[in-house]
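Below is one structure, written out as C-alpha cells; comments come after it.
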Amino acid sequence: MARSLFYGYPPAMLDPRFDPAEAEPRIYQRWEAAGCFKPSMDTAAEPYCIVIPPPNVTGVLHMGHALNHTLQDVLIRFERMRGKNVLWQPGTDHAGIATQMVVERQLAEAGKGESRASLGREEFVKRVWAWKEQSGGQIVGQDKRLGISADWSRERFTMDDGLSAAVRKVFVELYNEGLIYRDKRLVNWDPKFETAISDLEVENIETPGRMWHFKYPLAPKENGEPETYTYVEKDEDGQIILEEERDYISIATTRPETMLGDGAVAVHPDDERYKPIVGKLCEIPVGPKESRRWIPIITDEYPDPDFGSGAVKITGAHDFNDYQVARRNNIPLYNLMDSKARMRSDGRAYAESARVAADLAKHPERSSDMDVSEVNLVPDAYRGLDREEARQKVIDDITAEGLAVMVTSDDGERVPLVEDKPIMQPFGDRSGVVIEPLLTDQWFVNAAELSKEARAAIEDGRTEFRPENWSKTYFNWLDNIEPWCISRQLCWGHRIPAWYDDKGQIFVAEDEESAQKLAGAGAVLQRDEDVLDTWFSSALWPFSTLGWPDETDEHLKTFYPGAVLVTAFDIIFFWVARMMMMGLKFGPKGEDGKPMVPFKHVYIHALVLDEKGQKMSKSKGNAMDPLDLVDEYGADALRFTMAAMAAMGRNIRLSKQRVEGYRNFSTKLWNAARFCQMNECQNWDGDLDPQSLSQPVNRWIVGALATAVTETTEALEAYRFNDAAGAAYKFVWNVFCDWYLELIKPLLNGGDEAAKAETRRTAAWTLDQVFKLLHPFMPFVTEELWDKLSEHGPARDGFLMLQPWPTFGDSAHDPAAKEEMEWVIDAISEIRSVRADLGVNAGAKVPMALVNADKTIAARLEAHREVIERMARLDSALIETEMPDGAISTVLGSSTLALRIADLIDVTEAKARLDKDLKSLDKELSGLAKKLANENFVAKAPAEVVEENRERLSAGKARLAKLKSAREGLDRLS
RNA sequence: GGGCGGUUAGCUCAGCUGGUAGAGCAUCUCGUUUACACCGAGAGGGUCAGCGGUUCGAACCCGUUACCGCCCACCA
C-alpha cells in the first residue's frame, strides 16, 4: 500500500530482523555511558542490593556464570524498574591456587627458565599482579555482552587495599578472641601444590584399590621364648571354624608404605580373638632387621572386629582415623613424608630415629613432652622414594621375607593374600592428585563456634533459603563442622598477619609496626610465610565490598544486608555458610545491636548441564560457550533461555534448540513491533486510561496484559523465573501477537476514525508495556524497539531500562469485554478446527450461519462479523433461526455454528468427527453425573467445587443435545 | 552408612496451597490471508515408575518397592 510512503516510511522503518551483533554493544555502551547501572541513591526509595558471587579473576564466562549472572540481572533490572535504589555490586576473586597456577604455567611456557622458585616470592607475586592487570578479569567484558547491569564503577577485587585491610582486621579480631589459632594437626596436604587445603577442597572419589595382609610378629617374652597365643575364629553361630597357635597378629592395609610410621596396633576391646595379646608388643615387619620397632597392641573402640582381621595398624601422622586413635591413646605421630609426598630424607638418621621410637613405644607417656618431628623412621633404602614406589617396595620386602599372609589360590598355589577392593581416595579438587594427610603447623578458624549464630539465623528466618529445603543441607554441614584450615603455603593471596620472634612466639597484628609493639622493641620479627584460604576473603565479600570497616560509608549503611544471594548449591558450604558466619560476627549492626545477616534470601539455582545431563567441562569437550550462543542467537535469546529454564530443580539441560526457540521469540516481538509501526501504533504519548476505551478488543487486551504483568511480577518476587518468563512469553506470542494484532486489523484498516485512533493508542501503549515486561529478560531488543519506535513519535522520556515497571488497578479488567473476546476467539478457533479436520481448502471462503443465538451472542457476531469472517475465512456469517441445508455444524456455547460446506467435504468424515466429540463428551458427562450422584462428594467437597461440577454437567448436557442434532442433520444429508 | 532429589507426551522439562494433565522441540496435515516461513492454521500423542493407604476427590499428601542422580561420611 501507499501507506508507508504517506507516513514518511520507509526511512525509519524497522528492518525485518533484529541484528543483535550490531545493536547489543551499541546499546550497552549507551547505558553504561549514561550511568544507568548506578544506584539512584534516592533516600525515599527502598534499597535493593545483590553482591555478585565474585568469579575467579582467571575466569572466563561459562554457562554457570551465564545462568547465575542472568538471573541476578533479571532481578536487578526488575527491581530497578520498580523504583528501588538498586546496587549490584560486582567484582572478582583473587582465587589463590587457580591464579598462581595460571601464572606458573605461563612462566613455564615462556621457556625462559623462570619459575616461582627461581623468581622468589616477591618477584613472583609482582608477576601475578602484572598478569592480573593485563589479562585478569576478562569475564567483566564478557558479562557486558550478556547485558549485565552491575555497577562496574564499584568493581572490587578481593586483594584491593580496602578488602585486604578488612581481611587483616577480621583475622586479628578473631585471633584475639581465640577463634583463630595456630595448631599442629593432621591436615589435607596437596603434594602437587605443596600446600594444606581445607576439607572442602578434597574430593573423595572411589578408585580401585587393594588391601594387603601382613603378619606383625609378636615380641618374644622377657625370657626370650617366642610369644604365642591361640587364635580362635568363630562363625555367626559361635561355632569354631579356625583354631591355631600364632606368633603374629595379622594386619590388613591399603597403604603398606605407612607401616613405617605405625605407632601401635589396635583391636576392639571386646574382640575375644586378641584378648591374650593386648598390651603385648609386636614388630613392624619392614626395614632393616636389626633396628625394627616394637609397637604396642592396644584396645580402642575404633576397629571393627568384623572387618579385615579386626586389627588395625595405627599410623597417626598419615590417616585421619588413626590420628584420632593415636591422640586418644597417646601414640606418637611419626611423619614419613615430605611436602611432595615423597618418603622423607630429612631429620635424624634412621637407626637413631628407630631407637627413639622404640623407647617411646615402651614408654608412651614420654611422647607428649617430646617433639618427634625430627624422628625420621624411613629406612635409608626408602628415603626419597615416591609414595607409590615405597608402597611396592614394602610389599616386595615383606613378601620376600615370608611375612605376607598367604592363601591358596584357585590353581592350588600358595600366594599372598591381596584383595581387590574399591576404596574412597581423596583428591585435590584443583590439582587432581591424591591428597596426603600430613602433620603440619597451620592456622585454623574455630568454625564450630562461629557456626552457632550462622545456624540460628537460618532457623529463625533472618535469612531464608529458596528453595527452602537447602537449609537442611546447610544445617547438616554446620552440625558436623570441623576446624577450618585457613593457611595455605602459596604466594598469591592475603599474607597472614602474624609475626614470630626468634623464640617462636607469635604476634598477630594488622601491620608490622603494631606487631613490633606487641613484641617489644628489641625483638626481631619474621612474618608468617603463608597466605589465607581464598574463601576467607570471600566470606567477607558482602560487607568488605561496601566499605567495611568504615561504618559511616554510605553504601555500607544503605545496602547491607543484601536482598538476596544468588548462587548454585555447590558452594553453599564453601561460601554461603562462611559469609553467614562472618557477616553475623562482623557485619553492620541492626537495631538490636547485633551484627546482621549478610542477605535476606539465598536463592539456590540449578547447575547447567549438557543435553545428556553431564556436567559441562572442557576436558569432556561438551562445554558450550555462552559467548558462542550470544554470537549466534543474541544475548537476549540466551538470557531468556536461562530464565525460562531456571525452575527450582536441580539442574538445567541446555540445548541449542531451546535458545533458538527464544531467538525466534525475539524476532516475533520485533515483527509485532514492526507491524505496529506500519500501522502507526507507536509510542502514543502519555498513559492510557482503560476506562476511556470503547472497543471491547482494546478493553480486553488491557486486562489480559494486566494479568500477565501480575503473573510475571509475582513469579519474580518468588524467584520463579521460569513462570515469570513463561507468563510474559505466553502473553506476547499467544495473546498479543496471535490474537490481538489479528483482531485489530479490521479496525486499523476500517473507516471508523475514532475506533482506529483508540486502537492505535491501545496497541502502542500495550506494546510499550510489553517492552517493559520483557525488559528484565531481553534488555537489548526491548531497549532497541523502545528507542526505534520513538523516532517518529514524541521523544521518549529516557531509557526503557529506567522506566517504571507497569502496575494496574482493578479498572484494567473488564470481565464483559473478556467474555466477549473469548467468545470471538472460540468461534474462530472452532470454525478453523472444523475446516481443517474436514479438509476444507485453507483458502476457500465458506458461508457460515449462527443458529440458536440469543440476543447477546447475536450482538457479538454483529459486532465482530468482519474479523470473524476474515480470520475464519468465511464469505458470510449470518444469524439464522433454522439450520441451513447442507451445513456441517459444531457447537459453541449455547449456540450452533453451521458451515455450509457439505458439498466440499466427505460427509462420513464429518460424521466421524462428530461421533468422536460425542463419545468424549459422553464419557465426561457420565463421570460428572457419577460424581454428583455421590452423596459424599456433594456433602464434603467445597460448595464452589460442587457448583462448578453442576454447571459443567448442565452445560455439557446442552452441548450434547446440540451435537446430537448436528449429527442427525448429517444423517439427513446422505 | 547418612542426607537430598528425580521417575509426567518421542525428547527436554513445567505443574505454586490436592478439584477437568501443560510448554518447547520433534511428528503429521494444510497454507505465497501485505508484521513475522526465525511464520500461520489444525491435529495426533500421557494407566503422571509399581504397589498400598488417607480423602468425596491424588501427578500432587503418607507408607513401601524398583531403578537413576547428587552431596556428605573415618571402615583399616
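Since this is a predicted model, take the numbers as computed values, not measurements. First the proteins, then the strands, lettered A, B, ... as listed; each starts at 1.
Atom name P, nucleotides B:U33 and B:C38: the rounded distance is 16 Å, in whole Å. When the C1' atom is compared between B:A49 and B:C60, the two are found 15 Å apart, to the nearest whole Å. With both ends at atom P, the span from B:G69 to B:U12 equals 14 Å, rounded to whole Å. Rounded to whole Å, the separation between the P atoms of B:A73 and B:A14 comes to 28 Å. A gap of 27 Å separates the P atoms of B:C39 and B:G46, to the nearest Å. When the P atom is used for both B:C67 and B:A26, the distance is 36 Å, rounded to whole Å. When the P atom is used for both B:A21 and B:A35, the distance is 38 Å, rounded to whole Å. For the C1' atoms, the distance linking B:C56 with B:U20 amounts to 16 Å, nearest Å.
Counting only heavy atoms from C-beta outward, the side chains of A:Thr667 and A:Arg17 approach each other to under 4.5 Å. Counting heavy atoms from C-beta outward, A:Pro285 and A:Met259 have side chains that approach closer than 4.5 Å.
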Scan nucleotides 44-47 of chain B against the protein and return all N/O pairs shorter than 3.5 Å with their distances rounded to 0.1 Å.
from	atom 1	to	atom 2	distance (Å)
B:G44	OP1	A:Lys916	NZ	3.0

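With no hydrogens or angles considered, no side-chain donor-acceptor pair links A:Ser666 and A:Asp636 at under 3.5 Å.
Between the side chain of A:Arg663 and the base of B:C38 there is at least one donor-acceptor pair of N/O atoms closer than 3.5 Å. Judged by distance alone with a 3.5 Å cut-off, a donor-acceptor contact links the side chain of A:Glu742 to the base of B:A35.
Using the six-membered ring where Trp is involved, A:Phe665 and A:Tyr729 have ring planes that are tilted, between 30° and 60° apart. In this structure, A:Tyr740 and A:Phe736 have parallel ring planes: the angle between them is below the 30° cut-off, well short of the 60° mark.
Judged by closest nucleotide on RNA chain B, A:Leu741 is the one of A:Ala836 and A:Leu741 placed further toward the 5' end. Residue order along RNA chain B, read from the 5' end via each residue's closest nucleotide, puts A:Val938 first among A:Val938 and A:Ala252.
The ring of A:Trp470 has its center no closer than 6.0 angstrom to the ring center of A:Tyr474.
Near RNA chain B, meaning a heavy atom under 4.0 Å from it, residues 724-739 of chain A has A:Trp733, A:Cys737, A:Asp738 in order of number.
Rounded to a whole Å, the CZ atom of A:Arg17 is 9 Å from the C1' atom of B:A37. A straight line from CE of A:Met424 to C1' of B:G1 spans 11 Å, rounded to a whole angstrom. Taking atom CG on A:Asp304 and atom C1' on B:A76, their separation rounds to 10 Å, with Å as the unit. To the nearest angstrom, C1' of B:G18 lies 13 Å from CZ of A:Phe937.
The phosphate of B:A35 has neither OP1 nor OP2 within less than 4.0 Å of any side-chain N or O from A:Asn679. Contact annotation: A:Lys656 side-chain N/O to B:C25 OP1/OP2 distance is not under 4.0 Å. Proximity of A:Asn469 to the phosphate of B:G5: a side-chain N or O atom is located under 4.0 Å from OP1 or OP2. Contact between the side-chain N/O atoms of A:Asn722 and the OP1/OP2 oxygens of B:C13 is not found at any separation under 4.0 Å. In terms of phosphate contacts, A:Ser829 brings no side-chain nitrogen or oxygen within less than 4.0 Å of OP1 or OP2 of B:A41. Contact between the side-chain N/O atoms of A:Lys668 and the OP1/OP2 oxygens of B:G40 is found at a separation under 4.0 Å.
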Writing each nucleotide of RNA chain B 5' to 3' as (, ), [, ], | or . by Watson-Crick or G-U pairing under 3.5 Å yields (((((((..((((.....[..)))).(((((.......))))).....(((((..]....))))))))))))....
